[in-house]
There are 2 protein chains.
Amino acid sequence: MSEEKKKIVSSKPQTRIRAAHEKTILSEAEIIFAQYGYAGAKLSQIAKAVNISKTNLLYYFPTKESLYLNVLKNIIDIWLEKLTLFNQVGSDPATKIKNYIIDKLELSQKHPNASKVFANEIINGATNIGDYLQERFSTTLEEDVKLINTWINEGKMDAIDPYHLFFMIWASTQTYADFSVQIQLALKKDKLEQCDFDNAAEFISKVVIKGLGISQ
Amino acid sequence: MSEEKKKIVSSKPQTRIRAAHEKTILSEAEIIFAQYGYAGAKLSQIAKAVNISKTNLLYYFPTKESLYLNVLKNIIDIWLEKLTLFNQVGSDPATKIKNYIIDKLELSQKHPNASKVFANEIINGATNIGDYLQERFSTTLEEDVKLINTWINEGKMDAIDPYHLFFMIWASTQTYADFSVQIQLALKKDKLEQCDFDNAAEFISKVVIKGLGISQ
DNA sequence: GTCTATAAGGGGATAGAC
DNA sequence: GTCTATCCCCTTATAGAC
């Protein structure tokens, strides 16, 4: 018997029609949850976006909460693949940090709704996800903090508090997804373009690397 | 006839009991809206927090939307008082930028719920506040951008894109309010303390100022 | 296995009592 | 001026039809 990854929806047998429906439902649900948060999102909205009846939606995901948790789980999995400095390509601090920033910004650009769902969840107190977050996030963060401290001890960068460094990088990159509306207002654009993300990557990595006293 | 500031609730005459109720209602509403966003917040929750009936609440604020707009207006007024680099004390770039960052962080510390309501509003598309924001925010931002460009032309700092600088500062400071739960998880604390905000101010201003090539 | 008619409850708002 | 009994709609969820 093969050890399969536990899925929250695992109990139901997977038919072709179920697999197809679940995929589109999760995709549309992410958009709605991103815009309205958990409480504000309505199953009727999601059902309408998928073009099925509200009650039919509840056949595939028996409760609103189960749907939400599955959306959230998808997001965290995408996140954790990239959210590590330690496994970033490169050997020197400058390269690793720059690639880390570029990867995080790419997530903001390609998965803005995922970022917004996550933001909503954290703002409202991470009630649904706290434990899962603690478990999976903390370990990779601690590893990355250690790496920064190694670099500090080796004299490769200034002695700063690694935690606040990560808070700054997370915030500065996620803002291009979560607060895109404000950024669009400021830049007087209807939509953020590739060049905006390129400029952001350039700016953030320059300021962070130089600000940390890392020689390139 | 004196020119009074237009208030959204202006139409009703102010009695003592109304003034007192409105104050506590706005205060509690801010907390609830911060946690659940507009759609997610329930008038019944807010009424319960104020210890009045839901219908009585609707006497003081005739609609949910009117209540929300008043909460939001309070917040923006607090914001705009401080959110200007131009009017910051100090004459040299380093001092002005450092004080700007300290002030923004102080807002995150003292008005975390205001910050969260604002964050929710922006994430869900700024549908209620877009015009007001454009009007009041844009002017001060443009002024601040000009100031940065002056400093660049005077050779006081590296030639960077001023807009992305402000996005970074806003994000890095607001994250201590909006994402406080995530930060608490990372720091393994139940509550952020004064020293955490001091460390944040120290870190952010150091990295930004040094990263911009500003000599101190 | 897939989908829908119907239920049960809570949402914001109003008309009218004090 | 202040407060409440009542309304109507829309929410999630279930029991049962195909």
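Below, each value reflects all heavy atoms present in this structure, side chains not excepted, and no hydrogens, waters or symmetry copies. Chain identifiers are assigned alphabetically (A, B, ...) following the order of the sequence lines, protein sequences preceding nucleic acid strands; residue numbering begins at 1 within each chain. All of these numbers come straight from a predicted model, not from anything done at the bench.
Here B:Glu202 does not pair with B:Lys206 in a salt bridge; the nearest charged N to carboxylate O distance is not below 4.0 Å.
Rounded to whole angstrom, the span from the CD1 atom of B:Ile17 across to the C1' atom of D:dT2 amounts to 7 Å. When rounded to the nearest whole Å, the span between CD1 of A:Ile32 and P of D:dT11 equals 12 Å. Remark: P of C:dT14 and CZ of B:Phe61 are 16 Å apart, rounded to the nearest angstrom. Taking atom OH on A:Tyr68 and atom P on D:dT12, their separation rounds to 15 Å, with Å as the unit. When rounded to the nearest whole Å, the span between CG of A:Leu58 and P of D:dT14 equals 9 Å. If you measure from atom CG of B:Leu67 to atom P of C:dG12, you get 11 Å, rounded to the nearest angstrom. Whole-Å rounding puts the B:Gln14 CD to D:dG1 P distance at 11 Å.
Figure legend: A:Lys64 and A:Tyr38 shown as a cation-pi pair, the cationic atom lying under 6.0 angstrom from the six-membered ring centre and within 45 degrees of its axis.
If you find the closest nucleotide of DNA chain D to A:Glu65 and to B:Leu57, the one lying nearer the 5' end belongs to B:Leu57.
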Scan the side chains in residues 180-188 of chain A for donor-acceptor partners under 3.5 Å anywhere in the protein, sequence neighbours excluded, and list what turns up.
unit_1   : atom_1 : unit_2   : atom_2 : d
A:Ser180 : OG     : A:Ala177 : O      : 3.3
A:Lys188 : NZ     : B:Glu142 : OE2    : 3.1

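OP1 or OP2 of D:dC3 lies within a sub-4.0 Å distance of a side-chain N or O belonging to B:His21. Contact annotation: A:Tyr59 side-chain N/O to C:dT2 OP1/OP2 distance is under 4.0 Å. At the phosphate of D:dT2, OP1 or OP2 sits under 4.0 Å from a side-chain N or O atom of B:Thr15.
A heavy-atom distance below 4.0 Å to DNA chain D is reached by these residues of residues 36-56 of chain B, ordered by number: B:Ser53, B:Thr55, B:Asn56.
Side chains of A:Gln45 and A:Glu28: no donor on one and acceptor on the other come within 3.5 Å.
Within the 3.5 Å criterion, the main-chain N or O of A:Thr173 finds a donor-acceptor partner in the side chain of A:Ser108.
By the side chain to side chain donor-acceptor pair (under 3.5 Å) test, B:Asp178 is found to be paired with B:Ser115, residues two or more places apart in sequence or in another chain being considered.
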